[in-house]
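Values in this document were obtained by computation on a predicted structure and should not be read as measured data. Only this structure's heavy atoms are used, side chains among them; waters, hydrogens and symmetry mates stay out. First listed ligand is number 1; within each ligand, the first listed atom is number 1.
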Amino acid sequence: MDAGDGNLTTATAVHNGGVSYWWRARGGFPARRPSLPGPMHADVCIVGAGFTGLWTAYYLRRADPSLRVVVLEAAFAGFGASGRNGGWLTSTLPGSRARYARGPGGRAAVLELQRQLQQTVHEVTRVCAAEGIDADIARGGELSVATTPAQHERLRAELAADRDWGLTEEDVRYLGAAELAGRVRITGGLGALYSPHCARVQPAKLVTGLARAVERAGAEIYEATPVTRIVPRHPAPGAGGSGAARACTVFGDVTAPFVLRATEGYTARLPGQRRQLLPMNSSMIVTAPLDEAGWQAIGWSGRETVGDGAHVYMYAQRTADDRIAIGGRGIPYRYASGVDHRGVTQPEAVATLGGILHALFPATARARIDHAWCGVLGVPRDWCATVTADPASGLGWAGGYTGHGVAAANLAGHTLADLVAGTPTARTALPWVGHRTRRWEPEPLRWAGVHGLYALYRAADHAETGGSARTSALARVGDRISGIPR
Ligand SMILES: Cc1cc2nc3c(=O)[nH]c(=O)nc-3n(C[C@H](O)[C@H](O)[C@H](O)COP(=O)(O)OP(=O)(O)OC[C@H]3O[C@@H](n4cnc5c(N)ncnc54)[C@H](O)[C@@H]3O)c2cc1C
């Protein structure tokens, strides 16, 4: 497979799939690593070579170069969401502050998680500089824009909540319409929240560079090696057992005191995990490079990441090669936790995102949509992420970042490495450590629920274009059903 391995939809000339545009932009996929050569024993086995698995391996080896760390990847490093995302290295907290605050650390621990996520933006930038990873990082911050009075009201409520939870003017501040337009001109932009704790990245460049840094640190990565089953250590050590957990593959098993699952949106495909994390779909399009007149009209010289406050929200970045990459929900969920085929997305999703792009940035009307793709991210039933490692079973996992995983996976991976080492740190005291969530409903309830929810949210967004400053009652019903934190 090369980076051109996507569908070319002749009617629209949109390159669709090929995993993502980011791979094409970096000149194709890197050379494939070998598969697992046969059964082996390791100190730590990691399943999945996205940001979570790779950062975990990186910090494990940096902390203890004597450890044998083996990463098993079904396709290739960065094949999943880590090589397809919107490139927001954002400190947005993945989940509900109120739910995390129910843990023993209370509200103070939630603020600590928020602060550590902010530090993570610096940490990823630091490692990239130290390891010579060119990931097109631009530290422009993040703009959450309101384009309807109802969105504007929600922005103000969000700001008040941020202050209540301890965030200051240095963390997030309100911009009026004129100030927003001084940064980015967005049709109907009424105001925005600005946070400096975000950077734009090129995901495929970041994940490729990170995989190489992991290998330089001494970990082994085996590609085209799907794990078919993860088995806890059994019977327990001391009761006649080997003391090792197992990751099973067709090439043989890897045994290790710890097997860590880092499969986020793909988790449901592993035996016994079908209802743990819902694979939520997200779709993206990217324009051809805009001309100088286009950028004169839009501005955006600060390279902020830009999102809106719709219930079915959009997220966008100005790429290093002067395109606009914009994403949104598309078809939210495939029956029975299905995933896409190498990123090929539905034509309806391309049309919807194109409509949003042209409405928000009219200067893009003449710009060709160059490439479209999609991917899955992991959503837990309570929309709160988890980082867990259990020495008794030898199993650990991290994920469920609900679409905010680029920075969070760095912190989660670092934390998993600490948990495996058994050394208490500030990270191991964070409220997402050991967080448990109930399972998703069985099918067909799961499919009907998610599709019903997004029908409600779409209707709510449409109703809110009517000009009322009140959040649509349809969205409130949706929030109640889904448990999505606001
Ligand atoms: C279109 C899109 C846009 C997004 N935009 C953003 C954004 O702008 N900012 C943000 O913070 N987050 C964003 N996210 C979410 C973010 O990308 C993810 O949360 C994050 O990349 C998850 O990393 P991960 O390593 O946990 O999972 P993944 O990157 O999905 O990696 C999991 C890996 O596990 C492998 N795997 C799966 N099953 C097995 C198995 N059985 N055996 C071996 N290997 C296996 C997969 O092939 C894959 O490579 C977006 C997601 C998508 C899909």
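Considering backbone and side-chain atoms together, Val406 places an N or O closer than 3.5 Å to an N or O of ligand 1. Not a single N or O atom of Leu270, backbone or side chain, sits closer than 3.5 Å to an N or O atom of ligand 1. Distances between N or O atoms of Gly86 and those of ligand 1 include at least one value under 3.5 Å. For a threshold of 3.5 Å applied to N or O pairs, the pair formed by Phe51 and ligand 1 contains at least one separation below that value. Remark: ligand 1 and Ala81 share an N or O pair separated by less than 3.5 Å (distance only, no angle test). Here's the thing with Val227: one of its N/O atoms is less than 3.5 angstrom from an N/O atom of ligand 1. Among the atoms of Ser282, none of the N or O lies under 3.5 angstrom from an N or O of ligand 1. No N or O atom of Val376 sits closer than 3.5 Å to an N or O atom of ligand 1. When only interatomic distances are considered, the shortest N/O to N/O separation between Ser283 and ligand 1 does not fall below 3.5 Å. Residue Trp373 has no N or O atom closer than 3.5 Å to an N or O atom of ligand 1.
Here Arg84 has backbone heavy atoms under 4.0 Å from ligand 1, and that is the only part of it that gets that close. Within the 4.0 Å heavy-atom criterion, the part of Thr225 lying near ligand 1 is the backbone and not the side chain. Proximity of Ala408 to ligand 1, defined as any heavy-atom pair under 4.0 Å, is not found for any part of the residue. With a 4.0 Å cut-off on non-hydrogen atoms, Tyr401 touches ligand 1 through its side chain and not its backbone. Residue contacts with ligand 1 for Thr267 are absent, since no atom lies close enough (heavy atoms, distance under 4.0 Å).
Scanning all heavy atoms of the two residues, the minimum distance from Glu348 to Ile331 falls at OE2-CD1, 4.3 Å.
Between Asp171 and Arg115, at least one side-chain nitrogen of the basic residue sits less than 4.0 Å from a carboxylate oxygen of the acidic one, meeting the salt-bridge criterion. One finds a salt bridge joining Arg33 and Glu215 here, because a Lys/Arg side-chain nitrogen approaches an Asp/Glu carboxylate oxygen to under 4.0 Å. Taking a cutoff of 4.0 Å between a charged side-chain nitrogen and a carboxylate oxygen, Arg97 and Asp162 qualify as a salt bridge. Salt bridge present: Asp418 and Arg427 bring a charged side-chain N and a carboxylate O closer than 4.0 Å.
The protein heavy-atom contact nearest to atom 9 (N) of ligand 1 is Trp88 O, 3.0 Å. Scanning all protein heavy atoms for the shortest distance to atom 44 (N) of ligand 1 gives Ala74 N, 2.9 Å. With hydrogens left out, the protein atom closest to atom 12 (N) of ligand 1 is Gly403 O, 3.0 Å, a heavy atom.
The His404 neighbourhood of ligand 1 comprises atoms 10 (C), 11 (O), 12 (N), with distances under 4.0 Å to a heavy atom of that residue. Heavy-atom contacts of Gly87 reach the following atoms of ligand 1: 8 (O) (cutoff under 4.0 Å). Remark: ligand 1 atoms within the under-4.0 Å shell around heavy atoms of Pro226 are 42 (N).
The neighbour count for Arg216 CZ, taken as heavy atoms of other residues, nucleotides or ligands under 6.0 Å away, is above 12. Within a 6.0 Å radius of CZ in Arg62, other residues, nucleotides and ligands contribute 12 heavy atoms or fewer.
Asp370 contributes no side-chain N or O that, together with a main-chain N or O of Val286, makes up a donor-acceptor pair within less than 3.5 Å.
Taking 4.0 Å as the cut-off, Ala409 does not count as a neighbour of ligand 1 on heavy-atom distance.
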